[in-house]
Amino acid sequence: MRIVILGSGRGSNAEAILRAEKEGRLGKAEVVAIFSDKPDAKILFLGSEFKKPSRFLDPGPFKTKFDVKSEKFWISKIEAFDPDLVVLAGFMRVLKGPFIQAFPNKIINLHPSLLPSFPGLDGIGQAWRHGVKVTGCTVHYVNEMIDAGEIIAQQAVRIELTDTIDSLEKKIHAAEHSLLPEVIAELSIRYNEG
Ligand code: GAR
């Protein structure tokens, strides 16, 4: 199963995926490319570290979505790697119909809350401010509604009295780093079973 990773930031989840692949924990999946919409995103450095093609792709004039031209450009660059799965690992841009239809049932997203609670931006802060006692992370298929596609897997994280927003962030990221590679490994096994 060929994977293209899209990310906008730190890339700690992309790193967790690449590490899992290197250590033989990614099932029958292989990362074939990493793309970012931010030229200086740390995620792009993972390419040289893990010997994978990694590139900034111009996202066009908008901040949180693609214009038609950039959408076509991105689709063609991703298609060139013939992916079986496109993983959004901290990709902070909303994908619209043509993008999703170009990779049907092949795009998954990681979100830092237990969806359907706290979709959109700052899932961790939203949960913290709401005062919930359990939050977590979700891996789901991407559809045209924000953070609303079919849920594949979730991991719960307890918020203890001693937690701070920082310690909660750390716990959620740790949960994400184990959940996302596990989901990909599981999907790759199902994929290879046809
Ligand atoms: C992760 O916590 C991920 O759940 C979140 O961005 C972070 C990326 O971290 N994604 C979203 O909020 C998407 N709506 P990373 O760049 O270190 O992997």
Side-chain angles (χ1 to χ4, degrees), residues 3-22 25-26 29 31 33-50 52 54-57 59 62-66 74 85-96 99-100 107-130 132 134-157 159 163-184:
I3 299 175
V4 168
I5 300 177
L6 310 185
S8 305
R10 220 162 40 123
S12 69
N13 285 285
E15 184 174 352
I17 296 168
L18 289 158
R19 213 162 277 294
E21 182 187 349
K22 203 169 170 181
R25 293 184 283 108
L26 207 58
V31 175
I34 303 160
F35 292 125
S36 181
D37 57 341
K38 297 271 190 296
D40 50 359
K42 271 195 180 165
I43 191 172
L44 290 172
F45 292 111
L46 295 169
S48 52
E49 191 181 338
F50 289 89
K52 305 282 186 186
S54 67
R55 244 191 91 177
F56 160 70
L57 297 178
F62 299 125
K63 264 211 158 109
T64 56
K65 61 177 186 177
F66 290 113
W74 272 69
L85 192 69
V86 177
V87 177
L88 309 185
F91 190 61
M92 305 311 270
R93 209 165 269 272
V94 176
L95 302 183
K96 293 275 169 47
F99 202 122
I100 293 164
I107 311 179
I108 65 171
N109 179 45
L110 172 67
H111 184 77
S113 75
L114 293 178
L115 292 172
S117 292
F118 312 123
L121 287 178
D122 192 19
I124 301 175
Q126 289 188 60
W128 176 257
R129 288 188 291 278
H130 207 91
V132 295
V134 180
T135 181
C137 54
T138 303
V139 180
H140 65 93
Y141 285 105
V142 173
N143 66 12
E144 300 209 22
M145 273 138 26
I146 292 175
D147 298 328
E150 184 193 335
I151 291 172
I152 304 170
Q154 295 184 303
Q155 193 159 317
V157 168
I159 303 181
D163 271 320
T164 60
I165 179 94
D166 289 345
S167 67
L168 176 61
E169 269 181 19
K170 285 202 180 84
K171 288 205 267 188
I172 293 201
H173 291 317
E176 290 183 325
H177 297 164
S178 69
L179 184 67
L180 186 56
E182 276 169 28
V183 166
I184 293 171

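Both backbone and side-chain heavy atoms feed into the values below; hydrogens, waters and symmetry mates do not. Every number for a ligand or one of its atoms is a count from 1 in the order of the listing.
Residues Lys22 and Glu15 are not paired through a salt bridge, judged by the lack of any N-O separation under 4.0 Å between the basic side chain and the carboxylate.
When hydrogens are left out, the protein atom nearest atom 12 (O) of ligand 1 is Pro112 CD, 3.4 Å; that is the closest non-hydrogen contact. The protein atom (non-hydrogen) at minimum distance from atom 9 (O) of ligand 1 is Asn13 ND2, 3.7 Å. Looking at atom 17 (O) of ligand 1, its nearest protein heavy atom turns out to be Ser12 OG, 2.5 Å. Taking atom 1 (C) of ligand 1 as the reference point, the nearest protein heavy-atom neighbour is Glu176 OE1, 3.3 Å. If you check which protein heavy atom lies closest to atom 14 (N) of ligand 1, you get His111 ND1, 3.5 Å. For atom 10 (N) of ligand 1, the nearest non-hydrogen atom of the protein is Leu110 O, 3.6 Å. The closest protein non-hydrogen atom to atom 6 (O) of ligand 1 is Gly90 CA, 3.7 Å. In this structure, the protein non-hydrogen atom closest to atom 16 (O) of ligand 1 is Gly11 N, 2.8 Å.
Applying the 4.0 Å criterion to heavy atoms of His173 picks out, from ligand 1, the atoms 2 (O).
At least one N or O atom of Arg10 sits closer than 3.5 Å to an N or O atom of ligand 1.
Around the CZ atom of Phe56, the shell of radius 6.0 Å holds more than 12 heavy atoms that belong to other residues, nucleotides or ligands. Summarising the local packing, NZ of Lys42 is surrounded by 12 or fewer heavy atoms from other residues, nucleotides or ligands at distances under 6.0 Å.
Judged by distance alone, with hydrogens and angles left aside, the side-chain atoms of Arg93 form a donor-acceptor pair with the main-chain N or O of Lys63 at under 3.5 Å.
Considering only heavy atoms from C-beta on, Glu169 stays 4.5 Å or farther from Ile172 through its side chain.
Distances from ligand 1 to the non-hydrogen atoms of Gly7 include no value under 4.0 Å.
Note that the NZ atom of Lys52 and the CD1 atom of Ile17 stand 11.0 Å from one another [nearest 0.5 Å].
Contacts between Met92 and ligand 1, counted as non-hydrogen atom pairs separated by less than 4.0 Å, involve the side chain only.
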| said: Ile107 vs Phe99, test: side chain to side chain contact (heavy atoms under 4.5 Å, CB included). Steps then yes/no. | reply: CA-CA 10 Å; Ile107 311 179; Phe99 202 122; 4.1 Å; yes
| said: Pair Phe66, Trp74 - check ring-ring contact (aromatic ring centres under 6.0 Å, His included), show working. | reply: CA-CA 9 Å; Phe66 290 113; Trp74 272 69; 5.0 Å; yes
